[in-house]
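Encoded as structure tokens, the structure appears first; notes follow it.
Chain letters run A, B, ... following the sequence lines, proteins first and then strands; every chain starts at 1. Since the model is a prediction, treat every value here as computed from it, not as a measurement.
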Number of protein chains: 4
Amino acid sequence: MGVLRMGHASLRVMDIDAAVRHYEDVLGLKTTMRDKNGNVYLKCWDEWDKYSLILTPSDQAGLNHVAYKVEKEEDLDVLQKRIEEYGISTEMLPEGSLPSTGRMLKFLLPSGHEMRLYATKEYVGTEVGTVNPDPWPDGLKGAGVHWLDHCLLMCELNPEKGINHVADNTKFLQEVLDFFLVEQIVVGPEGSVKAATWLARTSTPHDIAFVGGPRMGLHHIAFFLDSWEDLLKAADVMGKHRTKIDAGPTRHGVTRGATIYFFDPSGNRNETFAGLGYLAQPDRPVTTWTEDKLWSGIFYHTGEAVPSFTDVYT
Amino acid sequence: MGVLRMGHASLRVMDIDAAVRHYEDVLGLKTTMRDKNGNVYLKCWDEWDKYSLILTPSDQAGLNHVAYKVEKEEDLDVLQKRIEEYGISTEMLPEGSLPSTGRMLKFLLPSGHEMRLYATKEYVGTEVGTVNPDPWPDGLKGAGVHWLDHCLLMCELNPEKGINHVADNTKFLQEVLDFFLVEQIVVGPEGSVKAATWLARTSTPHDIAFVGGPRMGLHHIAFFLDSWEDLLKAADVMGKHRTKIDAGPTRHGVTRGATIYFFDPSGNRNETFAGLGYLAQPDRPVTTWTEDKLWSGIFYHTGEAVPSFTDVYT
Amino acid sequence: MGVLRMGHASLRVMDIDAAVRHYEDVLGLKTTMRDKNGNVYLKCWDEWDKYSLILTPSDQAGLNHVAYKVEKEEDLDVLQKRIEEYGISTEMLPEGSLPSTGRMLKFLLPSGHEMRLYATKEYVGTEVGTVNPDPWPDGLKGAGVHWLDHCLLMCELNPEKGINHVADNTKFLQEVLDFFLVEQIVVGPEGSVKAATWLARTSTPHDIAFVGGPRMGLHHIAFFLDSWEDLLKAADVMGKHRTKIDAGPTRHGVTRGATIYFFDPSGNRNETFAGLGYLAQPDRPVTTWTEDKLWSGIFYHTGEAVPSFTDVYT
Amino acid sequence: MGVLRMGHASLRVMDIDAAVRHYEDVLGLKTTMRDKNGNVYLKCWDEWDKYSLILTPSDQAGLNHVAYKVEKEEDLDVLQKRIEEYGISTEMLPEGSLPSTGRMLKFLLPSGHEMRLYATKEYVGTEVGTVNPDPWPDGLKGAGVHWLDHCLLMCELNPEKGINHVADNTKFLQEVLDFFLVEQIVVGPEGSVKAATWLARTSTPHDIAFVGGPRMGLHHIAFFLDSWEDLLKAADVMGKHRTKIDAGPTRHGVTRGATIYFFDPSGNRNETFAGLGYLAQPDRPVTTWTEDKLWSGIFYHTGEAVPSFTDVYT
């Protein structure tokens, strides 16, 4: 059946202790493991696999790779063949390349971002368990995010040079990985240029997104919260912790979701995202935002340009 | 890819005008069509296909059939073969058997309920459109439900006679229609009896559910609301309209979702259901509710038996 | 300036440890003091005086007295004179009659309930402090109620015998203690019988309420929560703790407020009450609920009689 | 008993039609009256007096006067005497100086702003009535604000010249009009300079506020909404209407309240303010924000300076 959802992100951080404090105390993840290289593995309370975030000590912030979980081991073989046939070279990393994780199919998206697919990760269970569970666990810290929800990758977009990695990634994900297109921003003559796209495999509004910019990079990784009310609590927590907030709480036009953008101590942008009544489906007509309403798509309430949205990323 | 989601329900109602007023004024659906036999077709504002509810004049309340949408016309043929091979006879109704709808694959679930699958229904669009849409349309009436979300079918359960149509339906949906089991209530010696199950195709907590009882019937059809806050508004609307409320606003243990149960004027039970932070996935471990906590599964706050839940249905 | 607000309630409980666990773990109060007689004193996080609840070990549940705080010590003298002139005898208890509390003016309401007024109680501060406070403290337990908000006293109402202690109390509070009437339920011929009243000194919808019944008693003491969302959390907490819920979450017609009624382990009824956009003012016209809509006044959503509301109290 | 609450604001607007559309369609007020001079009078749905907002055609935006309602006609005479004794000259405008309004006591605050007090205004009733009212009326437009809640007046603050009209106004309101101080921002050596104050007569967190700046003016008038959820709806409405948003939705540190700042078409700043669980009381200790946390007081989530907050006003 192929790709299920985003499985984890591997992020570079410059101060590992500050980063762990941020993801634990502000977002509410828990450390489930550390390896001898100093990498820290964390998960959200409502996730059942061992980790959804790897923090790697580095002298520069940014994304190492994003990983998506597929349903079955066989899917990896099927998808490897399809990806290779599409003209993208792949590498099957053996089981244990990452701890507690099965073999991983590694390749570069047309935009140059490293993506990995895997089918197996050690099961540790959510914090409420599987027998007569409470709706939420006691002792949650910070915002208490449910799960790693999606990432937004900045892709090189230079129509004059004929470069549009947003379009390239989108085509690849649709044709090879069976994502469906949910929303898009189109610009340029007659809206001919896909400047941003949101794609899904689940019925949440997006499992991955691409936005065009001057260079590739990570725009943000997003963690799921349930409601607008949960975003108030999250913002309160950020206020208490002096977290650097970029924008929000506010609502996106694209996906209708509610959002706070903020930064981890190394400058990697995070989002707490709350889906607000949206059922993504393969047969749902694609929603298109036009250039004149581009900023209403990004920030629905003000509809105004926020330069940092496109300029600041890792 | 098979089944996408619940597509429509066909309900029998005894006073068609009262029923239309209920679904329009209390729930916020709009009538999109009436046929010469007096059937009324309605849709929710956030749905794009022509209707999700058919009201049929009758002298008795109840369910005619439930219909699920599949992704492609070819899926109907593939599934027909699989269903027949499973030992259930099917009938392919020609296009136009229902207005604005393609051919439908009709069959009976092991429980005796009529289910239909279809791939094609006339597209009319959501009320916010597909270009630079607002997050919600002006002029919504009543509770303003987003979409028809799921149904719960009462199935005969008589362990002494060896009858468990909950288990039978569940097996059929898992093996033939590729639903995955999300939650279950088990009773009896060592929890050997599946007394209720919740299954999904989307990543919402359930697209269909079965509960065991003395006879087959319809427990409820559920419409989606986004939040606990929306349920307050819905309950206020019901208060204004003197809608007969059965239970709620409250929270289910099963699915964590928030709920109001109420009745249409003919006595068909409705639900407004708000998913509260739950990602159903094929690899999410099945959540099990045991007999001693059964009622916490149904109504988490009180955990107390509500006889009407299992006794009253159409 | 006279009466400010409800200051504390003194409750009889049959199992003091179970009671403390209830008020601490479910409601979120903290014990601030115990005395040598085994009485336990507690306060809510957003209160600044030393306690708002006294739990007294007893072999029977019920209310010892309710106490309201007045602005100044002189108010006690002025009010003593007015109360005596009204024909009600009073007693001025000396400072220290209750620990950390100044002198108290003690008297019986026309209904027979003991009321006390005081101007001085030891200041201990809210949990967020007075300098650059956070909006809420870390480490809150349970529902995290803000403050003791009001009480509802059951008063003897027997029109045939010419007894209406609801009316008597209301008149006394209006004429002597300068409360203003906010809402009322009237029954009987031409609505001539005040069956229930809600009165205020603050601009919240009520600081005290009276409901007619067969005998005097305590209907409930209510703790304030901010929102409908906070009530969901409170109900979830009650689900976790198997607290006996009487009704709710739902909305009152009277006051528009949202509510959960539930019982402490001794059977004293509690309420978590969330005011939903209501400004009580002396010049706001009194809202009247008529006999035919009485139950919509009590429980707006269903509008249906709930016998335990009037029959079960301590 | 003196001052009850804010009664109305009289605002100058440059395009009366655009202003009426703004206050009706975005905020949800209704026009209740127009006079021959082109002034438009509006009220909120939950107010019972004839108007709370007067829009006056002008070639410049700004505030004409703010008016507070007192409880009784006699209060006007008592307060006139006290104000005069304080050294501020007053004028008693005769009944009918403003339509549907009794005599008004007019004077200038130490800051130079015109304030009026009145006891009588024509009663028209809330939109839900006083007999068996619904919790909210059908057909609300826009944000559906409940009532005019408070105003914030910019006052000249120039410590070097010995000018502090924040302190002067505060002293006057406390000593003469019996407001109590709820919160304050103090700056300068040892926090000796009151840079901003929030004062109340009701038990809401503020009925008036003063902030120091280079010149006197109107910072904003605020309308009450019930909840954080209502602010999302309000912001959505502003997005639909392309209302110019200044800040928010966010939370103030001061008062804990949730807020959106935005501008009417003439540039007068509005606020939709939602009180979040705060009981102002004369004996509640004053909350103080220090200079280093000043911006956390203004905007709790970011704690960052927003120059327009102090620089842009009418």
Using a 4.5 Å cut-off on heavy atoms from C-beta on, say whether the side chain of [Y] contacts that of [X].
X	Y	value
D:Arg284	C:Leu4	no
D:Leu279	C:Phe224	no
D:Asp46	C:Arg256	yes
C:Glu229	D:Trp228	no
C:Asp49	D:Asp283	yes
C:Val131	D:Thr290	yes

Legend entry - Expected output: side-chain C:Asn132 to main-chain D:Gly297 donor-acceptor under 3.5 Å: no
Which atoms form the tightest heavy-atom contact between [X] and [Y], and what is the distance?
X	Y	result
C:Gly275	D:Asp226	O-OD1, 3.7 Å
D:Tyr300	C:Pro133	CE1-O, 4.4 Å
D:Trp48	C:Pro285	CG-CD, 3.7 Å
D:Ser203	C:Thr204	OG-N, 3.8 Å

Legend entry - D:Ser227 and C:Ser227: side chain donor to acceptor below 3.5 Å: no
Inset, instruction - Against chain C, label D:Trp289 side chain, backbone, both or neither, depending on which of its atoms sit under 4.5 Å from a heavy atom there. - result: both
Against chain C, work out which of [options] has the most heavy-atom pairs shorter than 4.5 Å and name it.
options	result
D:Pro282, D:Ser296, D:Gly125	D:Pro282
D:Val286, D:Thr126, D:Asp134	D:Asp134
D:Val254, D:Leu276, D:Thr202, D:Asp230	D:Leu276

Inset, instruction - Measure C:Trp136 against the heavy atoms of chain D and call it side chain, backbone, both or neither at under 4.5 Å. - result: side chain
Inset, instruction - Under 4.5 Å heavy-atom distance to chain D, tell me which part of C:Tyr278 shows up: side chain, backbone, both or neither. - result: backbone
Legend entry - More than 12 heavy atoms of other groups within 6.0 Å of D:Glu175 CD: yes
Legend entry - Leading residue by heavy atom contact count with chain D [cutoff under 4.5 Å; candidates C:Lys293, C:His252, C:Arg201, C:Gln281]: C:Gln281
